[in-house]
*Asks:* 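Before I ask anything, let me first share the structure, which is written out below as structure tokens.
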Amino acid sequence: MRSSASYCSSAKTLTPEFRYAACNAIGQMATDFAPTFQKKFHDKVISALLQTMEDQTNPRVQAHAAAALINFTEDCPKALLIPYLDNLVQHLHVIMVAKLQELIQKGTKLVLEQVVTSIASVADTAEEKFVPYYDLFMPSLKHIVENAVQKELRLLRGKTIECISLIGLAVGKEKFMPDASAVMQLLLKTQTDFNDLEDDDPQISYMISAWARMCKILGKEFQQYLPVVMGPLMKTASIKPEVALLDTQDMENMCEDDGWEFVNLGDQQSFGIKTAGLEEKATACQMLVCYAKELKEGFVEYTEQVVKLMVPLLKFYFHDDILYLEPFFYPPTRVRVAAAESMPLLLECARVRGPEYLTQMWHFMCDALIKAIGTEPDSDVLSEIMHSFAKCIELMGDGCLNNEHFEELGGILKGKLEEHFKNQELRQAKRQDEDYDEQVEETLQDEDENDVYILTKVSDILHSVFSSYKEKVLPWFEQLLQLIVNLICPHRPWADRQWGLCIFDDVVEHCSPSSFKYAEYFLRPMLQSLCDSSPEVRQAAAYGVGVMAQFGGENYRPFCTEALPLLVGVIQAADSKAKENVNATENCISAVGKVMKYRPECASVSEILPHWLSWLPLNEDKEEAVHTFNFLCDLIESNNPIVLGPDNTNLPKIFSIIADGVVNESIKREDGCSKRLANVIRQVQVSGGLWTQCVSTLNETQQKAIQDLLNTA
């Protein structure tokens, strides 16, 4: 690495070709080994690239140094980049001004294109830290967009549009607003000419992405521009690729037609696709997702046409018989992911039209989503489809699936679970092969991670079904029961046990007291898992004990009693607050609180309460933190003598717990308990000496947190 950086900047001793190659190597390593590469070599790389970018005599090397800087900054942690920001910005500004003059005088644009993208990349990483430099660049960038109208400057103009929108997103609405109107007019002028642009015009994809960023910046104010934006966006998202199955001779004849790419299928046959417009189609679909997400009900006028476009795109393959070609042509997977992502967002947008309209839209997408779960060949796309389907069920609630849906869904989920076990067996068999080595193991571990991720999505779908249908769905669930029981067997990998327990947690939480009829399958494994070596398994088991206490009913009472000493043992372990253990520990603390709150007869509350108070607050698991703070409010509001202490001596400790909760964002304004906690503080505030005593024990950050809570709750 030291060699590449030094070669890159050695203008006097090395040929331009050598330095060009060094820049190329740095750019490639910055992408392939991010962010480790950036962390180790930031000091050498940034200075070398900036020095190389100053070499006015070799524009090709200059441009490639700028390209390498883009690669480096894209994946550079913000904290690493900030110390170099002033130097970076000053260099980039000097080079941009010089190259802009060069463009005006000589028409050369190669370096300027890369410098503009470098500025965008730096701003994107620096975010709000770029605010002081905003006025340095924006006038020149707007000048380029206004004046670079010639055909040969289309790429420069597109990249500049991208740069302006990324800077706007980085610095935020307040700083960008004075220029927002002028920028929007520039974009609108380009948009007006959109129909005249050729399909492969590079400005199209930059424009589409820029509109989406402007939507994020302006929020609801962007709605007024939708009539102008949506027509061209829908046109681009609707592009249908030309595909062909050709013999070798036909392929050779077509090779001269730009935009065709081919994959050899053997037997003198090739599959060809005209890729012009495909990237733009994928980007346009992603931007439709962005509009639905950002504008919500403000997007409702377009939901019908968008859902009619997106639902068929769940099956956007080039050719039904050759799905394995997908890795060679990436855009289709992006299109299908965007189609899946859009479904729950479009339902949210449509809510404002009332239940009948919402139900019609759901009926239009439901069958297609279920079928896509059964047929999608790409695991990344499949996980997104499953996640979106689960979100849709949560949104639509009880009654959204008919008997046919349940039958098809049950068969698909059963197939996914059976495939999960079969794949594990195949991987174990491969580990016994004579060809087995570290490289094979790496591949097997990647496959295992993919399988586990799909298992998490099975869990997501079951969670949404249980939370919507409650105990009514248990007879349907029984077809999957034995497979879920297999997941929590002691010999299974920890991830299987974790997600198997999570599924039974949902059964207890949403289907109790009826859930107890399955207790023989999961109670013993759940209690034993409280002491598991895997923190993920412990966390799932602890959460299960908490919902047993809260929702399970009388039948679970003996098991809550049995679980308590196991929970306390986990909490009091020497390494319980270690980074890898803290989430499991916090779930145990929350579970102890739930047992005391909902099943006090199962615990020696007076004995446990002082310990429980000493374990607060929860800082990592925000959802469980809300439960613990609500219980703490119950205890304080009831003047519990153990919690308050003799003569309120525990109040300074309680103030500290509340303050730390605010600092760590475990208490949020929207949570009901924030008002309750603020009221506790106000009651102490009027008591004079006690208030002074409580506040004096807090550090400056904690005191500010208490004041913030009083001001906002």
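Count residues from 1 along the sequence.
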*Asks:* Check the surroundings of atom CD in E665: do more than 12 heavy atoms from other residues, nucleotides or ligands lie under 6.0 Å from it?
*Replies:* no
*Asks:* I want to check something: taking the side chain as every heavy atom from C-beta on, are L345 and F299 in contact at a cut-off of under 4.5 Å?
*Replies:* no
*Asks:* Taking all heavy atoms of A123 and all of A170, pick out the closest pair and write down the distance.
*Replies:* O-CB, 3.2 Å
*Asks:* Is a side-chain donor-acceptor pair under 3.5 Å present for D660 with N619?
*Replies:* no
*Asks:* Got a donor-acceptor contact below 3.5 angstrom from the T125 side chain to the T73 backbone?
*Replies:* yes
*Asks:* Is a side-chain donor or acceptor of R351 paired with a backbone partner of L358 at a separation under 3.5 angstrom?
*Replies:* no
*Asks:* Would you confirm whether N587, through its side chain, and N583, through its main-chain N or O, come within 3.5 Å as a donor-acceptor pair?
*Replies:* yes
*Asks:* Are any side-chain N or O atoms of D378 and backbone N or O atoms of V381, one a donor and one an acceptor, separated by less than 3.5 Å?
*Replies:* yes
*Asks:* Test side-chain contact (heavy atoms from CB on, under 4.5 Å) on F655 and V684 and set out the steps.
*Replies:* CA-CA 10 Å; F655 264 53; V684 178; 3.9 Å; yes
*Asks:* Take V458 and L480, measure what side-chain contact (heavy atoms from CB on, under 4.5 Å) needs, and give me the verdict at the end.
*Replies:* CA-CA 11 Å; V458 170; L480 306 175; over 6 Å; no
*Asks:* Going by atom types only, do Q707 and Q703 share a side-chain donor-acceptor pair under 3.5 Å?
*Replies:* no
*Asks:* What pair of heavy atoms forms the shortest contact from L613 to I657, and how long is it?
*Replies:* O-CD1, 3.7 Å
*Asks:* State the CD1-CZ distance between I373 and F389, to the nearest 0.5 angstrom.
*Replies:* 5.0 Å
*Asks:* Looking at W362 and M396, would you say the former's side chain and the latter's main chain have a donor-acceptor pair under 3.5 Å?
*Replies:* no
*Asks:* For the aromatic rings, using the six-membered ring if either is Trp, is the centroid distance between F222 and Y291 under 6.0 Å?
*Replies:* yes
*Asks:* Minimum heavy-atom separation for A542 and L567, please, with both atom names.
*Replies:* CB-CD2, 4.1 Å
*Asks:* If I take atom CD from residue E341 and atom SG from residue C290, how far apart are they, to the nearest 0.5 angstrom?
*Replies:* 10.5 Å
*Asks:* Should we count CG of D647 as having more than 12 external heavy atoms under 6.0 Å?
*Replies:* no
*Asks:* Looking at E620 and K577, is there a salt bridge between them, counting it only when a charged N and a carboxylate O are closer than 4.0 Å?
*Replies:* no
*Asks:* Please indicate whether K416 has more than 12 foreign heavy atoms, meaning atoms of other residues, nucleotides or ligands, lying under 6.0 Å from its NZ.
*Replies:* yes
*Asks:* Judged by atom type as modelled, is there a donor-acceptor pair below 3.5 Å linking the side chain of K653 to the main-chain atoms of V643?
*Replies:* no
*Asks:* Counting heavy atoms not belonging to E623, are there more than 12 under 6.0 Å from its CD?
*Replies:* no
*Asks:* Flag the pair F631 / W612 as yes when their ring centroid distance falls below 6.0 Å, and as no otherwise.
*Replies:* yes
*Asks:* Regarding S590 and E624, is there a side-chain donor-to-acceptor distance under 3.5 Å anywhere?
*Replies:* yes
*Asks:* Starting from the C-alpha separation in whole Å, work towards a yes-or-no answer on side-chain contact (heavy atoms from CB on, under 4.5 Å) for L564 and I608.
*Replies:* CA-CA 10 Å; L564 261 179; I608 296 172; 4.0 Å; yes
*Asks:* Could you check whether any side-chain heavy atom of H463 comes within less than 4.5 Å of a side-chain heavy atom of H510, counting everything from C-beta outward?
*Replies:* yes
*Asks:* Do V545 and L566 have side chains that get closer than 4.5 Å, going by heavy atoms?
*Replies:* no
*Asks:* Taking the six-membered ring for Trp, are Y556 and Y598 closer than 6.0 Å centroid to centroid?
*Replies:* no
*Asks:* For atom NZ of K517, decide whether the heavy atoms of other residues, nucleotides or ligands shown that lie under 6.0 angstrom number more than 12.
*Replies:* yes
*Asks:* Any idea which heavy atoms bring I217 and K173 closest together, and the distance?
*Replies:* O-CD, 3.5 Å
*Asks:* Just by distance, do the side chain of S696 and the backbone of Q693 share a donor-acceptor pair under 3.5 Å?
*Replies:* yes
*Asks:* Strictly distance-based, threshold 3.5 Å: is any side-chain N or O of N581 a donor or acceptor partner for the main-chain N or O of P535?
*Replies:* no
*Asks:* Evaluate side-chain contact (heavy atoms from CB on, under 4.5 Å) for L710 paired with R682, printing each intermediate quantity in order.
*Replies:* CA-CA 8 Å; L710 290 173; R682 290 188 185 104; 3.6 Å; yes
*Asks:* Is the count of non-hydrogen atoms from other residues, nucleotides or ligands lying under 6.0 Å from E607 atom CD greater than 12?
*Replies:* no
*Asks:* Examine the side chains of E478 and Y518 and answer whether a donor and an acceptor come within less than 3.5 Å of each other.
*Replies:* yes
*Asks:* Output yes when a side-chain donor or acceptor of D448 lies under 3.5 Å from a complementary backbone atom of L444, and no otherwise.
*Replies:* no
*Asks:* State the OG-CG distance between S512 and N555, to the nearest 0.5 angstrom.
*Replies:* 9.5 Å
*Asks:* Flag the pair I488 / Y521 as yes when at least one side-chain heavy-atom distance between them is below 4.5 Å, and no otherwise.
*Replies:* no
*Asks:* A side-chain contact here means heavy atoms from C-beta on lying under 4.5 Å apart; do Y453 and N450 qualify?
*Replies:* no
*Asks:* Hey, is K220 close enough to E297 for a salt bridge, meaning N to O under 4.0 Å?
*Replies:* yes
*Asks:* Do V485 and F504 come close enough that some side-chain heavy atom pair is under 4.5 Å?
*Replies:* yes
*Asks:* Taking the six-membered ring for Trp, is the centroid-to-centroid distance between F477 and F466 below 6.0 Å?
*Replies:* yes
*Asks:* Using side chain to side chain donor-acceptor pair (under 3.5 Å) as the criterion, list what pairs up with E394, not counting sequence neighbours.
*Replies:* none
*Asks:* With side chains defined as the heavy atoms from C-beta onward, is the minimum distance between L295 and C349 less than 4.5 Å?
*Replies:* no
*Asks:* Could I get the full list of ring pair (Phe, Tyr, Trp, His ring centres under 6.0 Å) partners for H387, not counting sequence neighbours?
*Replies:* none
*Asks:* Rounded to the nearest 0.5 Å, how far does CG of D496 lie from CG of L501?
*Replies:* 10.5 Å
*Asks:* To the nearest 0.5 Å, what is the distance between CG on D380 and CD1 on I385?
*Replies:* 11.0 Å
*Asks:* Decide whether R676 and N679 meet the rule of one side-chain donor and one side-chain acceptor closer than 3.5 Å.
*Replies:* no
*Asks:* So for atom CZ, which belongs to F551, do other residues, nucleotides or ligands contribute more than 12 heavy atoms lying within a distance under 6.0 Å?
*Replies:* yes
*Asks:* Between T585 and S576, is there a donor-acceptor pair closer than 3.5 Å when you use the side chain of the first and the backbone of the second?
*Replies:* yes
*Asks:* Say you draw a straight line from CG of L677 to CD of E637; how long is it, rounded to the nearest 0.5 Å?
*Replies:* 8.5 Å
*Asks:* Using the side chain to side chain donor-acceptor pair (under 3.5 Å) criterion, which residues pair with K472? Sequence neighbours excluded.
*Replies:* D398
*Asks:* Given E128 and K78, is the salt bridge (Lys or Arg N to Asp or Glu O under 4.0 Å) satisfied, shown in steps?
*Replies:* CA-CA 11 Å; E128 80 287 349; K78 180 179 175 181; 2.8 Å; yes
*Asks:* Mind running side chain to side chain donor-acceptor pair (under 3.5 Å) on Q445 and E449 for me, showing each step along the way?
*Replies:* CA-CA 6 Å; Q445 286 184 10; E449 285 177 16; over 6 Å; no
*Asks:* Looking at E601 and R599, does any basic side-chain N land under 4.0 Å from a carboxylate oxygen?
*Replies:* yes
*Asks:* Between S514, P513, S515, which is the residue that forms a side-chain contact (heavy atoms from CB on, under 4.5 Å) with E471?
*Replies:* S514
*Asks:* More than 12 heavy atoms of other residues, nucleotides or ligands under 6.0 Å from NZ of K470: is that the case?
*Replies:* yes
*Asks:* With a 4.5 Å limit on heavy-atom distance, are the side chains of L417 and I484 in contact?
*Replies:* yes
